Amino acid sequence: MGEMLTKGDDFPLHQSSEPMAFAGGDRNFYDRYFFNGYSPDGRIFFAAAMGFYPQLSIVDASFCVILDGVQHNLRASRRSDGDRLDLFVGPIAISVDIPLEKLTLIISPNDGPLAAHLTFAARHSPIEEPRFIRRNGTRLFMDYTRMTQNGHWTGWFRVDGQRVELSANWGGTRDRSWGIRPVGAAESQPPPQGNFSQFFWLWTPCSFADASLFFHTNDDDMGIPWNRRAVLCRDDGTEQHFDAPRFEIDWEKGTRRAAGLSADLGHGHHITLRPKGPVFAMSGLGYTHPIWGHGLDHGPDLDIAYDQLTEAERGPSNPLAMHIQQLVQAVWTSPNGSAEGIGIAEQLFVGPHQPTGLTGLLDPVA
């Protein structure tokens, strides 16, 4: 076999004359799976991620569960041999059973308390979000694509010997994103204009009886969106896109967390979101984590770690809970009436945002 040929080279997926082991020309190239799921009553939440960083020869993965108010985090990292069809990192593995329709997440028993066998079945074809491109001066900060879809979960997971069985009414969202984001160790030479000190990110996949509704926005400090979209996906396969949605946030006093959100999507469609369940700290999946950040090197051997975050430790004053997802009750009104559902509000608000009253770097709302 050639020096860098892998199983992926036997599939017609090449984007250049290079073998599949070599992705793009930017050291920050990544390719990631993300999943979340929740019980119908919103009390139990789980999430998982797996990321490949071909230029860094790193693969990492994570699985988290919130049960009885405690967030359990399992993380793993290994060196990569360049084969991106090896969808495992230690005890965490993904099986693509039917592409774009059905995937299975497997957490093998290990020294920690977590194990799982969970299957995601999509409700609709994935939506492609607008391409995310952001520069810091002349340096490329982000350039990636994401596809997103809602679905139903079946299977089971176990936490400290407590087994939870899932039925088809457990919902959730999964996405696939790939491209360029800052990964691995920080750049040794900062860009001429300095590192970004403003990032406003809101992502709200919601599920209703016969439809899924997606809204997200990336805004600059003046509230001007550089990436915003709303899409309604009905279970019959039809889609409706909204090009100019507008939103308002009610803040939880003294924090940068949303106590409520309303969005006017246009064409008579409106959505309101209110917190319903626990706050999930995205640091459990490596986001903004100082040790388990995406693409960080943990040495030549497989590295596995487990920790917990209590409900109090996931409070707004903890930097590990700056980037969150929270279960929300969703109400969707349209020309045909109204419907209630459940969803997620992902929030990362750094720096000012004039329309919603955010000032300073991390100053709470007055």
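This structure is a prediction, so every number in the text was calculated from the model and none was measured.
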| task | Apply side chain to side chain contact (heavy atoms under 4.5 Å, CB included) to Val328 and list each qualifying residue two or more places apart in sequence or on a separate chain. | result | Leu273, Ala345
| request: Could you pull out the closest heavy-atom pair between Val279 and Ile66, with the gap in Å? | output: O-CD1, 3.5 Å
| message | How close do Gly266 and Asp264 get, counting heavy atoms only, and between which atoms? | response | N-OD1, 3.2 Å
| request: State, yes or no, whether a side-chain contact exists between Ile127 and His241 at a heavy-atom distance under 4.5 Å. | output: no
| request: May I ask whether Val89 and Ile94 are part of the same hydrophobic cluster, defined by side-chain heavy atoms of I, L, V, M, F, W, Y residues being less than 4.5 angstrom apart, directly or through others? | output: yes
| Test log, rule side chain to side chain contact (heavy atoms under 4.5 Å, CB included), inputs Asp220 and Arg134 | CA-CA 11 Å; Asp220 68 13; Arg134 192 72 166 160; 3.9 Å; yes
| task | Give a yes or no answer on whether the side chain of Arg84 reaches the backbone of Met20 with a donor-acceptor pair at less than 3.5 Å. | result | yes
| field | Note, Thr356 side chain near Phe349 side chain (heavy atom, < 4.5 Å) | value | no
| message | Using the rule given for side chain to side chain contact (heavy atoms under 4.5 Å, CB included), can you reason through Phe88 versus Ile106, listing the C-alpha separation, both sets of side-chain angles and the distance that settles it, and then say yes or no? | response | CA-CA 9 Å; Phe88 68 89; Ile106 302 167; over 6 Å; no
| note | Partner of His216 under ring pair (Phe, Tyr, Trp, His ring centres under 6.0 Å), picked from Trp201, Phe242, Phe200, is Trp201
| Step-by-step side chain to side chain contact (heavy atoms under 4.5 Å, CB included) determination, Asp250 to Arg274 | CA-CA 10 Å; Asp250 296 325; Arg274 297 291 175 189; 3.5 Å; yes
| said: Please verify the inter-ring angle class for Phe46 with Trp153; under 30° counts as parallel, over 60° as perpendicular, anything in between as tilted. | reply: perpendicular
| task | Give me the ring orientation class for Phe247 and His353: parallel if the planes are under 30° apart, tilted from 30 to 60°, perpendicular past 60°. | result | parallel
| request: Using distance alone, with no hydrogens and no angle criterion, decide if Ser177 and Arg146 have a side-chain donor and acceptor under 3.5 Å apart. | output: no
| query | Does atom CD of Glu239 have more than 12 heavy-atom neighbours, drawn from other residues, nucleotides or ligands, at distances under 6.0 Å? | reply | yes
| So does Asp41 have more than 12 non-hydrogen atoms from other groups sitting under 6.0 Å from CG? | yes
| field | Parallel, tilted or perpendicular, as decided by the 30° and 60° cut-offs, for the rings of His323 and Tyr287 | value | perpendicular
| said: Does this structure show an ion pair linking Asp236 with Arg234, if we count only N-O contacts that are shorter than 4.0 Å? | reply: no
| query | Going by heavy atoms in the side chains, are Pro245 and Phe215 under 4.5 Å from each other? | reply | yes
| field | Heavy atoms from other residues, nucleotides or ligands near CD of Glu311 exceed 12 (cutoff 6.0 Å) | value | no
| request: Could you grab the distance from atom CG of Leu56 to atom CZ of Phe29, nearest 0.5 Å is fine? | output: 11.5 Å
| For the side chain of Thr6 and the backbone of Asp83, is there at least one donor-acceptor N/O pair under 3.5 Å apart? | no
| Closest non-hydrogen atom pair, Leu5 against Pro19 | CD2-CB, 4.3 Å
| field | Heavy-atom neighbours of Gln189 CD exceed 12 at 6.0 Å | value | no
| Heavy-atom pair with the smallest gap, counting every atom of Gln71 and Gly284 | NE2-CA, 3.9 Å
| task | Using the six-membered ring of Phe132, assess whether NZ or CZ of Arg181 lies under 6.0 Å from its centre and within 45 degrees of the ring axis. | result | no
| field | Shared hydrophobic cluster, Trp226 / Val350 (ILVMFWY, side-chain heavy atoms < 4.5 Å) | value | yes
| said: Is it true that, when you exclude Asp10 itself, more than 12 heavy atoms of the residues, nucleotides or ligands shown sit nearer than 6.0 Å to its CG? | reply: no
| Separation of Leu327 CG from Ile344 CD1 (nearest 0.5 Å) | 4.0 Å
| query | Any side-chain heavy-atom pair from Ser77 and Ile58 closer than 4.5 angstrom? | reply | yes
| query | Phe141 versus Pro182: any side-chain heavy-atom pair under 4.5 Å? | reply | yes
| Between Glu129 and Arg229, is the closest basic N to carboxylate O distance under 4.0 Å? | no
| query | Rounded to the nearest 0.5 Å, how far apart are CD1 of Ile133 and CG of Asn227? | reply | 9.5 Å
| query | Is the backbone of Asn150 close enough, under 3.5 Å, to the side chain of His124 for a donor and an acceptor to pair up by distance? | reply | yes
| message | Would you call the rings of Tyr144 and Tyr30 parallel, tilted or perpendicular, taking 30° and 60° as the class edges? | response | perpendicular
| said: Around atom CZ of Arg43, are there more than 12 heavy atoms from other residues, nucleotides or ligands closer than 6.0 Å? | reply: no
| Are Asp307 and Arg75 ion-paired here, with the side-chain N under 4.0 Å from a carboxylate O? | yes
| message | Between Arg256 and Asp363, does any NZ, NE, NH1 or NH2 come within less than 4.0 Å of an OD or OE carboxylate oxygen? | response | no
| Tyr53 and Asp60: side chain donor to acceptor below 3.5 Å | yes
| query | Given side chains that start at C-beta, do those of Ile107 and Arg158 come closer than 4.5 Å, heavy atoms only? | reply | no
| field | Asn110 side-chain N/O to Ser108 backbone N/O, donor-acceptor pair under 3.5 Å | value | yes
| request: Could you check if a side-chain atom of Leu261 sits within less than 4.5 angstrom of a side-chain atom of Glu248, using non-hydrogen atoms only? | output: no
| query | Cationic tip of Arg174 within the cone over Phe34's six-membered ring, i.e. under 6.0 Å and within 45° of the normal? | reply | no
| query | Which heavy-atom pair separates Arg123 from Ser207 by the least distance, and what is that distance? | reply | NH1-OG, 2.5 Å
| So, Arg32 and Asp175, do they make that salt bridge, N to O below 4.0 Å? | no
| query | Going only through I, L, V, M, F, W and Y residues with side-chain contacts under 4.5 Å, is there a path from Ile92 to Trp156? | reply | no
| query | Is the number of heavy atoms from other residues, nucleotides or ligands within 6.0 Å of CD (Glu18) greater than 12? | reply | yes
| message | Once you measure the plane-to-plane angle for Phe35 and Phe120, does it fall in the parallel (<30°), tilted (30-60°) or perpendicular (>60°) bin? | response | perpendicular
| query | Between Asn318 and Gly315, is there a donor-acceptor pair closer than 3.5 Å when you use the side chain of the first and the backbone of the second? | reply | no
| query | Going hydrophobic residue to hydrophobic residue with side-chain gaps under 4.5 angstrom, can you get from Leu166 over to Phe45? | reply | no
| task | Walk me through it: do Thr272 and Ser262 pass the test side chain to side chain donor-acceptor pair (under 3.5 Å)? | result | CA-CA 4 Å; Thr272 58; Ser262 62; over 6 Å; no
| query | Checking side chain to side chain contact (heavy atoms under 4.5 Å, CB included) for the pair Ile291/Leu296: CA distance, chi angles, key distance, verdict? | reply | CA-CA 8 Å; Ile291 298 173; Leu296 291 178; 5.8 Å; no
| query | Just wondering, do Gln55 and Asp26 contact through their side chains at under 4.5 Å, heavy atoms? | reply | no
| said: Under 4.0 Å between a side-chain nitrogen and a carboxylate oxygen: does that hold for Arg176 and Asp31? | reply: yes
| task | Could I get the full list of side chain to side chain contact (heavy atoms under 4.5 Å, CB included) partners for Glu340, not counting sequence neighbours? | result | Gln329, Val331
| note | Heavy-atom closest pair (Asp219 atom, Gln198 atom, distance to 0.1 Å) is O-NE2, 3.3 Å
| query | Is it the case that one hydrophobic cluster holds both Val159 and Ile304, taking links as side-chain heavy atoms less than 4.5 Å apart, direct or via other members? | reply | yes
